[in-house]
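First the structure, in the form of structure tokens, and then the observations on it.
Throughout, protein chains are lettered first and strands after them, A, B, ... in sequence-line order, and every chain is numbered starting at 1. Heavy atoms only: backbone and side chains are in, while hydrogens, waters and symmetry mates are out.
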Amino acid sequence: MQIPTSLTHVGILWSMIAAGALLLGLVHFARWLLERRARADLAFSLVAFSFAGVALAEVGGMHARDAAEWGAWVRWFHLPLFGLFLGTAIFVRLFLGTGRRWLLWTLIALRSVILLVNFGAQPNVNFSAIDSIEQIPFLGATVTVVGESTPGPWQFLGLISSLLLVVYVLDAAIARFRTGDADQRRGAVLIGGTVFLMVVIATAFTQLVIYGVTRLPFLITPAFLPPLMAMSFELGYDMLRASRLARELHDNRLRLELAAGSANLGLWEWDGRRERILATRQARQIFGVSEEESGEFRRWFEKVHPDDAERLNREISRALESGEEYAADFRISPDGASTRWISVRGRAERNLPGKAALVRGVLRDISDQRRAQDETQELRRELAHAGRASLLGQLSSSLAHEISQPLGAIQRNAEAAGMLLDSGRLDQEELKAIVADILRDDRRAREVIDRLRTMLKRRETEVAPISADNLMQDVMALVVADAASRGVQLEHRPSPGLPPVLGDRVQLTQVLLNVVLNAMDAVMEQPPAKRQVVLWSRTGADARVELCVSDQGPGIAAGDAGKIFRPFYTTKSAGMGLGLAISRTIAEAHGGLLVGENEPGGGATFRLCLPTQGVGCG
Amino acid sequence: MSAPTVHLVDDDESHVRAVARLLAAEGYAVRTFLSGDALVAGIDRDTRGCVVADLEMPGLDGLALQAELRRVDVLMPVVFLSGRGDVPRSVHAMKEGAVDFLEKSAPRELLAEAVRRALELDAAESERRARAFAIERRFGRLTPREREVLAEVVRGQMNKQIAATLGISERTVKMHRTSITTKLGVHSTAQLAVLARGVNLADPV
């Protein structure tokens, strides 16, 4: 075997094709080196290199000077042919993303067997004997072709492997064609079609040569040129598309930043592998972090209010562990003095290829919103407080009585004790009894004052679980004296099994007190026997608890039903018309409801429906 | 007839016990009641003493209790105690014959004074009643004819005129007058007139 020294036209053409293929192969191999994910490029470079090898082996055969040399060229020809089959099959699988795995493995195994047989047999797998060669004119040159010869006993294996390749490629192309988009369909048609056609043509032609039907050289090179071009075109098109996508992505990012900026949203991203923060200008402005130091997570985190830092950290860690979304409101101090409220929400991603973890987020300055909320809440608290003061005003005379009774008793007891002492009769038992009575009355008076003070204090809302019965007992303690002096029979029917409701004890007492006083006013229009008000509770819809106040009064007048909860609407001569409006506001701020309905048998029932622990509000 | 007793009425047990203690220390006999109804059920028209009642009570309140006592002819003087200065009600109470109207926080001396005055009034009243009772008993001994003569005497008629009016002799009139003065235990016509003023002579027994 010897490299031909005199170049023919065919030699030049085939060499140029081989060189071109090598160049293509190198280009795509280089691309794979830069972008390891581009494995289709690696497969393609294998195809291109193998193709160059095939071309060289072919041109070698064409210039062989005797039968043995020609046979040797054919034997070596099988090595790049193996690469061509393998590369094509793998490329199809990587590029189209389809192709049956078992067909691929069978093909590889079969071609490996062919390769083994080829190098074990003499002169090669295709022939068992090559008796002569001939020189024929071909494309303006004189080339060597096989003359008298006998096909090898295993050469049908090559036929089967070609069939297998065709089936595999067609199957993969059809599968891709069925499910892919327009670009993928074109790729499937182009690659599947050219591989199918050219493998069929090349195989048929090769068989004709092997069986001596035609006297021509093997012409795999020109036959496989179209599939090679098709693959190269598709890869190139893919690269083109990737760069177009990259440009679109860049445009999109600019648009997103513009939109986020105009909405005062800051975008930030924490890259766990590089431990860097990437943030937009808005995000940096919100946090008061300069561009130079914005990469360090520490620079951001040190601005967070110490009281909120742990909560924020926990929330983001949780998102990192679970890969879920996160959201938190927290305070920061951008300049070390002022305080801003920030809302952040986003998503953490784990197990990204090549990245440890990534946290993305959107920052928003919600200080103004927060302040407005605070002011609204403050106003609501003030209003509720005013409402309580007014309610207690209605009770003032009975409350004064409740306080003056024990005070009067204390005074009389003290006077009696003074007289006993003056008289010199030191009746110890009597004096002890007097002191005990004084202490008890003192406690009684203080309890009333404590109740009043609790109701009259300006205070923050404190939400805690509390039982319906406890709330009703609080209300009973406040109104029982008033009810007695007005001749109203006030009754509390406890329901011990109910789950506790969630709310502010004082505000809920206020709502019930308001409703109970209204009920007592309502029954005052009735004869004494019907002056009944009952406090009771039950489980309502959505696992809420309903605190009910039922009266035997005249009920809500038909025209009033829709108006009684409106501010400044009143049916009483002395009312401001704010009690029920405030009460409903309180109920709704608790995620509850306050409704009033007439009973079929007369009278009205007002229900305060409240969420219980563990049941969402809404 | 029982001894003069202060009847305390207040729905507040602690308060009623304290006042009772004080009045007992002042030396009064005291009975306590937790409602007006309990008081009405526990006394009769002959009960002596006074009533000290809370003006604000559930059920029978102070003024209603006062009216009820009058209805069942219990004439014991009533002293009202009130937790609040309530002018219209105090005026009403006084018009209905309350002896006094005190705030609950009034000093001990005022309360003791009010109770003392009430008991005095009751004592005077019962003395008056006892005297009237005794006179009526004495008048009861007179014969119908003697009553007719007495009525004429009290009107200032001379024996001769009386004899003419009643159609009896002047001597018989003199005899009746001697019998009357003996029975009533008086010694002069003037005394007779004073005594007879307390009795309704127009209404022959």
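The environment of A/Met524 atom CE is dense: over 12 non-hydrogen atoms of other residues, nucleotides or ligands sit within 6.0 angstrom. Within a 6.0 Å radius of CD in B/Glu120, more than 12 heavy atoms belonging to other residues, nucleotides or ligands are found.
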### Task
Tell me, with the steps shown, if B/Lys104 and A/Gln411 meet side-chain contact (heavy atoms from CB on, under 4.5 Å).
CA-CA 9 Å; B/Lys104 276 196 171 159; A/Gln411 181 190 349; over 6 Å; no

### Task
For the pair A/Arg412 and B/Arg21, evaluate side-chain contact (heavy atoms from CB on, under 4.5 Å) and give the outcome as yes or no after the intermediate values.
CA-CA 8 Å; A/Arg412 295 296 172 233; B/Arg21 208 173 254 144; over 6 Å; no

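A salt bridge between A/Arg444 and B/Asp12 is present, with a side-chain N of the basic residue lying under 4.0 Å from a carboxylate O of the acidic one.
The contact between A/Ala433 and chain B is made by backbone and side chain atoms together, counting heavy-atom distances below 4.5 Å. For B/Leu111, the part sitting under 4.5 Å from any heavy atom of chain A is the side chain, from C-beta outward, and nothing else. Both the backbone and the side chain of A/Gln405 come within contact range of chain B, each with at least one heavy atom under 4.5 Å from a heavy atom of that chain. In this structure, chain B has no heavy atom under 4.5 Å from any part of A/Arg486.
Of the listed residues A/Ile438, A/Ile434, A/Leu407, A/Ile403, the one with more heavy-atom pairs under 4.5 angstrom with chain B than any other is A/Ile434.
Scanning both residues, B/Ser14 and A/Asp441, for their nearest heavy atoms gives OG-OD2, 2.5 Å.
The structure places CD1 of A/Ile410 at 10.5 Å from NE2 of B/His15, a figure rounded to the nearest 0.5 Å.
No donor-acceptor pair closer than 3.5 Å links the side chain of A/Glu415 to the backbone N or O of B/Glu109.
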